[in-house]
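We name chains A, B, ... by the order of the sequence lines, and we start the count at 1 in each one. The analysis underlying the following values was restricted to heavy atoms, covering all of them including side chains, and did not include hydrogens, waters or symmetry mates.
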Amino acid sequence: MHKADIVEILESIAVLLELKGENPFKIRAYQTGARALETMEEELGEVIEAGKLASVKGIGSALVEKIETLHATGELEYYKKLRASVAPGLIEMLEIPGLGGKKVKKLHDELGVESIEALKSACESGEVAGLKGFGAKSAEKILTGIENRAAYAQRHLWWDAQEVAAPILEGLRALSGVERAEAAGSLRRLRETVGDLDFIVASGEPAPIMDWFTSQAGVQEVTAKGTTKSSVRFESGLQADLRVVPAAQFAFALHHFTGSKEHNVAMRQRALSRGYSLSEWGLAAKDTEGAEPGSEGIETEKALFEFFGLAEIPPELREGLGEIDAAEAGKLPRLVDADALRGVFHNHTTASDGRASIEEMAAAAEALGFDYIGLADHSKASFQANGLDDARVLEQLERIRAFNEAGESAVHVFAGIECDILPDGRLDLEDSTLAQLDYAVMSVHSSFGLSEADMTARVIRAIEHPATTMLGHPTGRLLLRREGYRIDLQKVIDAAIANRVIIEINAHPRRLDMDWRLWRRAAERGLMCAINPDAHATEGLAYYRAGVNIARKGWLEPEQILNCRDCAGVQRWFSERK
DNA sequence: GCCGTTTTCGGCCCGACTGTTTTCAGTCG
């Protein structure tokens, strides 16, 4: 069984134990173990082989045994029995806001509720309101939760969340009495999807700020309103939390609510080892038990990190994946800035399924300050996208050459193609056609159901083709919609490095593929990256910023990104590949 | 269930907010 599936089972065990009313620390141990396994960089099989699983922090003897059994057999008796002992409807009930393990257990034990439907009727009949610890409001809240379950559970693309957050942040900053305001959470960490929005404000007068926040346009429900914290829910189901703190606590609150949880745990451990207890409220020296936490004069996150002997860690690196060690050793990456990109590759025009012409795309690229743009329309196997056959590819090539030769644009257009990788790994165009282009992006758009071995072999065959410059969206995933196809990305990365083929970060907000979690290690081993907005209209070029976010989360430096080279540098890369 | 340079037992982050209470439990982050 693969590591990811084992991680999922450990998480599932934690949920089931919660519903059984188990010791909360045992539950957390499973969650911690799942996380430790997930972030382990070495190959699971090798770690087990070497007998080193027990030395991973957070994995003790009980988990070692379970993980090894799952890895070897794919089955676990303990998990089977546990799952059989809990009605599946109870797990779903946890998705309802306000219901946790204990309340679900109580509803089950005392009312026999085993499904969402049964819960609904129990609320309507008044049974729930009569239960000790519940009341009329609880029953009503549960009914609303059931009603809006799908919308509430939904995560949101970073790009969409950011568009909601920007005006709120602007509004907060414009309020009198607001000294500082920032968005925190996964939005600030530039995660590919966002569960809810978090805002942190510094002010000595919270009441009017809370009033403004809870009465904004679009607020459908106020789920909490206090002097330090308020929460609202928008019509889209997106929830936003606001915390107002005194200025002296701002840096601590911002750091705490930016997370991630794993990063915070590591920071608190570091604080403890240096004699301090760190929280969102500030710092308390350990020997002053019970004293109010102080700020030690720390006004910024930078100062907070420096207090603990660390370089400032950018929010997008705070995932508990070695950033604290790197910050201590002065080895944080020099992250790429959006301004460093000189152009983008992999964009479409009206020749296939785009909505803008060569001229319009070039003008839009110029408006963004780019020196060049690559145009890569679909090939003929992508029939639904009006893909180009060899003759049409050559016509488009002529048009691009003519555009460049006319010399009327400050932007150079590279002539490329997004060529389909056929199910057997052959390419969709003649070698003689591909050889005439400046570059070629190879992508899978069909036969997603191949086995992992077949899909891996298919893509590697394409990578080994001499005409291949880049691999497009290597898993084909669509965030919040569709899982990627099964493929062994480590083998694909190995092949790309060996053949000097680039892998793209497809910057479309719904793709962000290849995933940021894989980039740090791949780039260290020599993989080159290209950030590609996959624009199908001029507005789509702006997505390159989402791609830069992913490059930053992946610890990439400018030298590892083709887009950071000037026009001549890109030309050199393309010609050396041939 | 995990962990340990005070510990192999007894801790494990903790505070805000809500809804239920009449001093607090549960949820959430």
Side-chain angles (χ1 to χ4, degrees), chain A residues 10 13-14 16-18 20-37 53-67 78 82 93-107 128-142 145 152 184-186 194-200 206 210 214 221-233 239-245 249 252-253 255-269 271-273 276-284 286 290 292-293:
Chain A
L10 295 180
I13 289 174
L16 293 166
L17 291 175
E18 204 181 340
K20 301 210 78 161
E22 260 286 1
N23 173 4
F25 299 109
K26 183 170 170 178
I27 295 166
R28 192 185 300 164
Y30 275 95
Q31 288 163 341
T32 309
R35 182 68 199 183
L37 183 62
L53 193 52
S55 62
V56 177
K57 201 166 152 50
I59 299 179
S61 56
L63 262 67
V64 165
E65 201 190 322
K66 292 186 172 78
I67 293 167
Y78 171 75
L82 187 61
M93 282 162 60
L94 286 176
E95 288 168 14
I96 298 166
L99 288 188
K102 291 186 179 167
K103 285 196 170 175
V104 170
K105 182 168 158 45
K106 187 157 195 176
L107 290 164
V128 169
L131 214 52
K132 189 172 164 64
F134 291 75
K137 274 202 174 175
S138 307
E140 200 177 311
K141 214 177 142 196
I142 291 170
Y152 288 0
S186 47
V194 171
D196 56 19
L197 305 180
D198 295 284
F199 298 94
I200 313 294
M210 295 303 187
T214 52
E221 186 192 356
V222 177
T223 50
K225 190 177 176 189
T227 54
T228 69
K229 184 194 163 182
S230 290
S231 294
V232 299
R233 203 182 280 284
Q239 182 173 310
D241 297 343
L242 169 65
R243 287 178 174 82
V244 181
V245 300
Q249 283 170 8
F252 296 94
H255 176 263
H256 177 86
F257 289 108
T258 295
S260 64
K261 204 183 284 179
E262 292 72 21
H263 170 86
N264 287 353
V265 166
M267 280 294 285
R268 278 196 299 270
Q269 279 167 352
L272 281 175
S273 74
Y276 288 91
S277 152
L278 171 66
S279 73
E280 63 264 50
W281 306 112
L283 280 174
K286 260 198 299 194
E292 286 282 303

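- In this structure, A/R243 forms a cation-pi arrangement with A/F257, its terminal cationic atom sitting closer than 6.0 Å to the ring centre and no more than 45° off the ring axis.
- B/dC13 and B/dC2 are spaced 16 Å apart, taking the C1' atom of each and rounding to whole Å.
- Nucleic acid contact for A/P97: sugar-phosphate only, since backbone atoms but no base atoms lie under 4.0 Å from a heavy atom of the residue.
- Considering only residues two or more places apart in sequence or on other chains, A/E65 meets the salt bridge (charged side-chain N to carboxylate O under 4.0 Å, His left out) condition with none of them.
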Once base and sugar-phosphate atoms are separated, protein heavy atoms under 4.0 Å mark nucleotides 20-26 of chain B, 5' to 3', with B, S and - as S-----S
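- At a threshold of 4.0 angstrom between heavy atoms, the contacts of A/V56 are confined to the sugar-phosphate backbone, with no base atom among them.
- In this structure, A/R268 atom CZ and B/dC13 atom C1' are separated by 5 Å, rounded to whole Å.
- Considering only residues two or more places apart in sequence or on other chains, A/P206 meets the side-chain contact (heavy atoms from CB on, under 4.5 Å) condition with A/V244.
- Atom CD1 in A/I142 sits about 12 Å away from atom C1' in B/dG19, given to the nearest Å.
- A/K261 comes within contact range of no nucleotide atom at all, as no heavy-atom separation falls under 4.0 Å.
- For A/K141, the side-chain contact (heavy atoms from CB on, under 4.5 Å) test picks out no residue, with sequence neighbours left out.
- Rounded to whole Å, the P atom of B/dT22 lies 23 Å from the corresponding atom of B/dC28.
- Here the separation of B/dT5 from B/dA16, taken at their C1' atoms, is 37 Å to the nearest Å.
- For A/E280, the salt bridge (charged side-chain N to carboxylate O under 4.0 Å, His left out) criterion is met by no residue, not counting sequence neighbours.
- Nucleotides B/dC14 and B/dC9, compared at atom C1', are 23 Å apart to the nearest Å.
- For A/Q249, the side-chain contact (heavy atoms from CB on, under 4.5 Å) partners at least two apart in sequence or on another chain are A/V245, A/P246, A/W281.
- Going from atom OH of A/Y30 over to atom C1' of B/dC2 covers 11 Å, rounded to whole Å.
- Nucleic acid contact class of A/L63 (heavy atoms, under 4.0 Å, all strands): sugar-phosphate only.
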Identify the pairs formed between an N or O of the protein and an N or O of nucleotides 5-9 of chain B at a distance under 3.5 Å, and give each distance.
none

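- Checked by distance alone, A/N23 brings a side-chain donor or acceptor within 3.5 Å of a matching partner on the base of B/dG1.
- Across the C1' atoms, B/dT20 and B/dA25 are found 9 Å apart, a figure rounded to whole Å.
- With sequence neighbours left out, the salt bridge (charged side-chain N to carboxylate O under 4.0 Å, His left out) criterion links A/E22 to A/K26.
- A gap of 26 Å separates the P atoms of B/dG15 and B/dT21, to the nearest Å.
- One atom, CG of A/L17, and another, P of B/dG1, lie 8 Å apart when rounded to the nearest Å.
- Between A/H256 atom NE2 and B/dG29 atom C1' the separation is 7 Å, expressed in whole Å.
- Applying the 90° cutoff around 0 to the glycosidic angle, B/dT7 is assigned syn.
- To the nearest angstrom, P of B/dG29 lies 13 Å from CD of A/Q31.
- Scanning for side-chain contact (heavy atoms from CB on, under 4.5 Å) contacts around A/R28 gives A/F25, A/Q31, A/T32, with sequence neighbours left out.
- When every heavy atom of A/G145 is checked against every heavy atom of A/P97, the shortest pair comes out as CA-CD, 4.2 Å.
- Listed by first then second residue, pairs satisfying salt bridge (Lys or Arg N to Asp or Glu O under 4.0 Å) with a partner in residues 130-139 of chain A number zero, not counting sequence neighbours.
- Every residue two or more places apart in sequence or in another chain was checked for a salt bridge (charged side-chain N to carboxylate O under 4.0 Å, His left out) with A/R233, and none qualifies.
- Between B/dC17 and B/dT23, the two C1' atoms lie 16 Å apart (nearest whole Å).
- Atom CD1 of A/I67 is separated from atom P of B/dG1 by 13 Å (rounded to the nearest Å).
- Checked by atom type, the side-chain pair A/E262/A/S260 shows a donor-acceptor distance below 3.5 Å.
- Base-pair partner of B/dG29: B/dC14 (Watson-Crick or G-U wobble, both distances under 3.5 Å).
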Could you go through nucleotides 14-17 of chain B and list every protein N or O atom that sits under 3.5 Å from one of its N or O atoms, giving the distance for each pair?
{"from": "B/dA16", "atom 1": "O3'", "to": "A/T228", "atom 2": "OG1", "distance (Å)": "2.9"}
{"from": "B/dC17", "atom 1": "OP1", "to": "A/T227", "atom 2": "N", "distance (Å)": "3.3"}
{"from": "B/dC17", "atom 1": "OP1", "to": "A/T228", "atom 2": "N", "distance (Å)": "3.0"}
{"from": "B/dC17", "atom 1": "OP1", "to": "A/T228", "atom 2": "OG1", "distance (Å)": "3.1"}
{"from": "B/dC17", "atom 1": "OP1", "to": "A/K229", "atom 2": "N", "distance (Å)": "2.8"}
{"from": "B/dC17", "atom 1": "OP1", "to": "A/K229", "atom 2": "O", "distance (Å)": "3.4"}

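- Using modelled atom types, no side-chain atom of A/D198 and backbone atom of A/D241 make a donor-acceptor pair closer than 3.5 Å.
- With rounding to whole Å, A/D196 atom CG is found 12 Å from B/dC28 atom P.
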